[in-house]
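The next block holds one structure in the form of structure tokens; read it before the comments.
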Amino acid sequence: MARDSHDYLQTYDSRIAKKKTAFVLTLLLTLLAAIFALSLGSINLSWGEVLRTLLGSGEAASNTVIWDIRLPRIVAAILVGAILATSGAVMQCVLNNPLASASTLGVSQGAAFGAALGIIVFGGGVISSGSANVAVEVNNPYIVTLCAFIFGSLSTLIILALTRLKKTLGPSGLILAGVALSSLFTGGSTLLQYFADETKISAVVFWTFGNLGSAGWGEILILAIVFALSFCYFMLNRWNYNAMRSGIDTAQSLGVNTKALLLISMTICSLTAAIAVSFVGIISFVGLVAPHMMRKFVGDDYRFLIPCSAIGGALLLIIADTFARLVISPVVLPVGAITAFLGAPVFLILLLKGAARE
Amino acid sequence: MINIDSLSFSFDHAHLVLDNVSCRIEPQHCLAILGNNGVGKSTLLKCINRIYHAQQGSITINDTDIDTLSKKELAKQIAYVPQNSLATHTMVFDAVLLGRKPYIQWDISKQDKNIVTDLLEKFALTAYASRYLNELSGGEMQKVVLARAMAQQPQFLLLDEPTNNLDPRNQHEILQYVQELAHKQQIGVAIVLHDLNLALRYCDRFLLMKNSTVYAYGSAEIITAAAINEVYGLQVEIIEHRDTKLIVPCDTKYNI
Ligand SMILES: Nc1ncnc2c1ncn2[C@@H]1O[C@H](COP(=O)(O)OP(=O)(O)O)[C@@H](O)[C@H]1O
Ligand SMILES: [Mg+2]
């Protein structure tokens with residue numbers, strides 16, 4: 001008997017060890033991908049030169065290429081990927097819906113509409129964009145971010161109200177509601193374009209694409225702070241998310257304040273998604289795909305799923321963005337389009353799997 | 001002791017789902033909550049567990065109003081097994097470990113793991129420790145959720161129809177275990193049951209509910225043929241067999 005119990009305690013410990021290994025491996029892979037991405041572009045640099053430049057002893061030309069152009073872009077990819085993926089993992093848990101994420105629920109689209117509204121109607125101004133081929137300049141990012149947050153939250157509120165009012169809605173029903181909201185906000189953005197002058201039209205178009213080149217170090221700092229804070233909240237609640245997975249009633253009886261957890265988590269998710277969208281535009285499906293990718297390795301244990309999703313999202317976005325930069329170089333494709341190509345098939349597979357289970 | 005005093009509850013402020021319900025859940029005793037579908041039995045358990053908040057009346061646990069306790073404190077004292085548990089893709093070991101949730105500070109301790117190990121042994125679930133919940137039979141699943149509730153080390157245990165979908169052997173195993181808990185570990189138990197004979201055999205307190213309120217509350221003597229006819233609309237005969245009552249339905253023709 002005693003030996004027996006020893007055995008599966010060991011099994012438990014080795015399972016945990018495997019999850020930790022998965023985390024470390026993904027982290028290493030992401031670092032490698034980042035260095036790789038730093039070395040590639042219109043000027044190819046050697047890995048040694050990349051590392052030297054990062055350590056502050058590179059040549060002047062590589063300094064400009066890395067510190068002013070590539071590094072901000074890649075750090076932005078890491079932060080935005082991590083933000084979208086952690087918020088996706090959390091939404092999937094609190095809404096008990098494997099298809100939930102900022103872009104499938106219309107939160108990103110709402111935020112993009114808000115951003116467009118901020119520029120066109122409230123004349124939100126101009127920050128310089130890091131990448132030369134983006135003509136749009138926006139100089140008051142805060143009104144844009146605020147509008148993005150308001151409309152991103154509007155989507156969230158509608159989604160939450162729907163889950164409360166119609167309990168039989170089900171996972172697919174909720175995603176249909178997300179589709180409706182997305183079309184509504186995309187239609188809104190189109191209308192805004194129709195009435196706007198030309199420079200502002202390109203602003204709106206730019207927002208619906210997603211472009212990591214538009215984030216400078218200032219925005220990156222904000223993204224980093226936002227990510228750090230939301231990540232801390234998510235990690236502090238990791239046991240609550242685990243409990244939440246076994247149903248609302250069970251979670252409550254285990255001492256979880258499920259209503260507060262749902263509301264605060266969803267607010268944080270829409271806030272972080274709105275900030276990400278207002279800086280880099282809509283990047284769809286990363287929030288959906290990254291958590292599911294990591295579930296293959298660490299299961300549904302939110303102790304590991306939250307940090308692993310963060311890394312997985314970062315990795316995914318670095319790869320997608322590097323692909324977008326290089327595939328028909330020197331033209332840089334919008335990364336949002338690449339992630340959509342990547343994400344749509346995964347989304348369909350999940351939908352089919354879910355439909356089979358219902 | 002949990003004391004439920006004149007509890008009233010409604011979902012929509014129009015009609016009462018619980019109407020002035022009073023009863024007690026005492027340590028060392030098993031309370032059977034009996035009544036027709038929809039009479040409010042599950043709602044009563046959820047009010048005791050503060051999943052729902054009763055509009056009127058009070059619930060105290062060892063003379064402390066439950067509203068003054070934090071959710072975590074409450075979870076250390078009352079464990080609850082809902083009528084339907086989600087069979088998620090979670091390993092049995094992890095599912096039972098979740099019962100330690102109210103005690104976990106930052107991470108699980110060695111003691112938490114030992115408690116889980118002991119419970120798995122007690123429920124003969126060791127062979128299933130690495131299986132997933134969505135791959136278990138009804139009986140195994142019920143044992144897992146009961147083990148999770150016991151991992152909370154509660155003073156009171158609320159079970160909502162724990163014998164649903166179980167074969168006779170499993171029904172008796174579960175109820176025997178629960179009865180032993182009450183008698184040996186001084187736990188106060190409340191069970192919603194539909195099988196009156198099981199209730200009579202394993203419980204020693206009875207709450208008969210009708211029209212959202214208490215029809216009768218007391219020990220086994222309140223279970224009479226007349227009471228059962230009133231509460232369930234069912235005609236029965238009660239026979240004595242080895243000191244326990246046995247309820248046998250009469251040959252009545254009911255119109256559907
Ligand atoms: N979430 C809910 N919202 C509105 N009415 C409910 C809800 N849950 C249960 N009810 C109603 O409350 C009454 C009591 O339900 P319940 O306590 O589940 O009965 P039972 O005794 O079968 O467990 C029923 O009429 C039911 O329709
Ligand atoms: Mg019920």
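All values derive from a computational prediction rather than experimental measurement. Residue numbers start from 1 in every chain, and the chains themselves are labelled A, B, ... in the order their sequence lines are given, proteins ahead of strands. Values reported hereafter were calculated over all heavy atoms of this structure, with side chains retained and with hydrogens, waters and symmetry mates removed.
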Got more than 12 heavy atoms from elsewhere within 6.0 Å of CZ, Phe297(A)? no
Contact class of Lys76(B) relative to chain A, heavy atoms under 4.5 angstrom: neither
Interchain contact, Ile51(B) with chain A, by part (heavy-atom threshold 4.5 Å): both
Counting heavy-atom pairs under 4.5 Å with chain B, which one of Leu236(A), Asn240(A), Asp301(A), Thr258(A) comes out on top? Asn240(A)
Looking at Asp63(B), I'd like to know if its CG atom is crowded, meaning that more than 12 non-hydrogen atoms belonging to other residues, nucleotides or ligands lie closer than 6.0 Å. no
Euclidean distance, His89(B) NE2 relative to Asp300(A) CG, rounded to 0.5 Å: 7.5 Å
Below 4.5 Å from any heavy atom of chain A, which atoms of Pro102(B) appear? Answer side chain, backbone, both or neither. both
Largest heavy-atom contact set with chain A, pairs under 4.5 Å, which of Leu120(B), Val81(B), Asn84(B): Leu120(B)
Less than 4.5 Å to any heavy atom of chain A: does that hold for the side chain of Phe93(B), its backbone, both, or neither? side chain
Tell me whether the count of non-hydrogen atoms from other residues, nucleotides or ligands lying under 6.0 Å of CZ in Phe341(A) goes above 12. no
For Arg148(B), is it the side chain, the backbone, both, or neither that has a heavy atom closer than 4.5 Å to a heavy atom of chain A? side chain
Evaluate the side-chain proximity of Arg303(A) to Asp107(B): yes if any heavy-atom separation is below 4.5 Å, no if none is. yes
Grab the two heavy atoms, one from Ser253(A) and one from Ala75(B), that are nearest each other, plus how far apart they are. O-CB, 3.4 Å
Between atom NZ of Lys101(B) and atom OG1 of Thr250(A), what is the distance when rounded to the nearest 0.5 Å? 13.0 Å
What are the two closest heavy atoms between Arg245(A) and Thr88(B), and how far apart are they? O-CG2, 3.3 Å
Report yes if the side chains of Tyr12(A) and Thr117(B) come closer than 4.5 Å at any heavy-atom pair, otherwise no. no
More than 12 heavy atoms of other residues, nucleotides or ligands under 6.0 Å from CG of Asn134(B): yes or no? yes
Separation of Leu86(B) CG from Asp249(A) CG (nearest 0.5 Å): 9.0 Å
Inspect the surroundings of NZ in Lys72(B) and state if more than 12 heavy atoms from other residues, nucleotides or ligands are less than 6.0 Å away. yes
Portion of Asn114(B) that has a non-hydrogen atom of chain A nearer than 4.5 angstrom: side chain
Between the CD1 atom in Ile16(A) and the CD1 atom in Ile108(B), the distance rounded to the nearest 0.5 Å is 6.5 Å
Just wondering, more than 12 heavy atoms not from Gln56(B) lying within 6.0 Å of its CD? no
Got a second to check how far Gln252(A)'s CD is from Tyr52(B)'s OH, nearest 0.5 Å? 9.0 Å
Given a strict heavy-atom distance threshold of 4.5 Å, which part of Leu97(B) is in contact with chain A: side chain, backbone, both, or neither? side chain
Run the numbers on Leu254(A) and Leu98(B) for side chain to side chain contact (heavy atoms under 4.5 Å, CB included), then give the verdict. CA-CA 8 Å; Leu254(A) 290 169; Leu98(B) 212 49; 4.0 Å; yes
